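Because the structure is predicted, anything quoted here is derived from the model rather than measured.
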Amino acid sequence: MSDNNFEPTIIGFTCNWCSYRAADMAGTARMKYAPNVRLIRLMCSGRLDPTFVFKAFANGADAVLISGCHPGDCHYVDQNYKALRRFHLMKRVLSQMGIEPERIKLLWASAAEGAIFASEVSKFVDQVRELGPLNWNKQNGGIAAAEPAKEEVAA
């Protein structure tokens, strides 16, 4: 199902203290990795609301990357364990919604692991490229089609 011209759009939610710094390190060290990921910095991966992930898919993302501090090294004590629990929950929900669970990835990267971040992002982009475009919004008639019109709610 892969398309040679397909370039996936991936939304990346990164922890301010570790994984965002790893991405920054990869950039300043001029490490090559796929430019398909649009990074959104959060104070902590534990602050990632699952609705952000679902909204990213609903708005056309082909995949989502969640990245944070290594377990046990969280600047907010144990919030990355919370992110891990939510990640597994989101994979199950996405699967039930008809989205391949391989379209969401969790990556632990410390600020000093720019090379690991760059390598994992490139691997993930290749994996999503193999899956092909999601087209979930088109297949399901869009999120708006699933919500009742305002006139219907008022009636």
Side-chain angles (χ1 to χ4, degrees), residues 1-95 97-139 142-143:
M1 183 172 186
S2 67
D3 178 5
N4 291 339
N5 297 325
F6 169 64
E7 284 299 325
T9 300
I10 300 172
I11 303 300
F13 295 100
T14 60
C15 157
N16 178 62
W17 304 105
C18 285
S19 57
Y20 188 82
R21 309 280 169 141
D24 190 44
M25 180 186 181
T28 56
R30 298 181 185 257
M31 296 174 191
K32 301 283 184 201
Y33 67 95
N36 302 64
V37 179
R38 276 64 167 180
L39 297 179
I40 298 172
R41 181 169 35 173
L42 304 171
M43 286 309 291
C44 178
S45 59
R47 295 282 304 179
L48 177 63
D49 189 322
T51 58
F52 297 170
V53 173
F54 302 137
K55 187 127 183 149
F57 282 115
N59 287 327
D62 295 300
V64 171
L65 172 72
I66 302 165
S67 187
C69 305
H70 287 280
D73 288 337
C74 182
H75 286 69
Y76 297 100
V77 186
D78 61 356
Q79 291 299 301
N80 49 10
Y81 289 108
K82 180 178 175 182
L84 178 62
R85 288 190 304 271
R86 285 182 173 175
F87 169 73
H88 289 297
L89 176 68
M90 286 185 281
K91 279 184 83 157
R92 286 197 318 255
V93 170
L94 290 171
S95 180
M97 294 170 73
I99 296 176
E100 299 98 333
E102 296 83 19
R103 291 187 183 271
I104 186 169
K105 178 180 180 71
L106 180 62
L107 170 64
W108 304 124
S110 74
E113 295 177 331
I116 292 171
F117 184 87
S119 171
E120 290 298 317
V121 165
S122 292
K123 287 180 199 173
F124 188 46
V125 169
D126 290 340
Q127 179 183 345
V128 175
R129 217 179 261 135
E130 285 296 314
L131 290 171
L134 179 58
N135 294 327
W136 181 64
N137 207 4
K138 293 176 189 170
Q139 291 172 355
I143 294 299

What heavy-atom pair brings [X] and [Y] nearest, and what distance separates the two atoms?
X      : Y      : answer
Ala63  : Val128 : CB-CG2, 3.5 Å
Glu113 : Met25  : N-SD, 4.3 Å
Tyr33  : Val121 : CD1-CG1, 3.5 Å
Trp108 : Ser45  : CZ3-OG, 4.3 Å
Asp62  : Pro8   : OD2-CA, 3.4 Å
Val64  : Ala56  : CG2-CB, 4.0 Å

Per the salt bridge (Lys or Arg N to Asp or Glu O under 4.0 Å) rule, what does the pair list look like for residues 64-81, sequence neighbours excluded?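 Passing the test, one end in residues 64-81: no pairs.
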Rounded to the nearest 0.5 Å, what separates atom [atom1] in [X] from atom [atom2] in [Y]?
X      : Y     : atom1 : atom2 : value
Tyr81  : Cys74 : OH    : SG    : 9.5 Å
Leu39  : Ser19 : CG    : OG    : 8.5 Å
Thr14  : Asp24 : OG1   : CG    : 10.0 Å
Phe54  : Met90 : CZ    : CE    : 6.5 Å
Ile104 : Ile11 : CD1   : CD1   : 12.5 Å
Met43  : Tyr20 : CE    : OH    : 12.5 Å

Check for a donor-acceptor pair, side chain of [X] on one end and backbone N or O of [Y] on the other, with a separation under 3.5 Å.
X      : Y      : answer
Arg86  : Leu48  : yes
Ser67  : Leu107 : yes
Ser122 : Ala118 : yes

Do Phe57 and Arg103 have side chains that get closer than 4.5 Å, going by heavy atoms?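 Of all side-chain heavy-atom pairs linking Arg103 with Phe57, at least one is under 4.5 Å.
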Salt bridge (Lys or Arg N to Asp or Glu O under 4.0 Å) against [X], all qualifying residues, sequence neighbours excluded:
X      : result
Lys55  : none
Asp126 : Arg129
Glu120 : Lys105, Lys123

Which residues pass the side chain to side chain contact (heavy atoms under 4.5 Å, CB included) test with Cys69, not counting sequence neighbours?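 Cys69 satisfies side chain to side chain contact (heavy atoms under 4.5 Å, CB included) with Cys15, Cys18, His75, Asn80 once adjacent residues are dropped.
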Contacts of type side chain to side chain contact (heavy atoms under 4.5 Å, CB included), residue Ala111, not counting sequence neighbours: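 Here the qualifying residues are Arg21.
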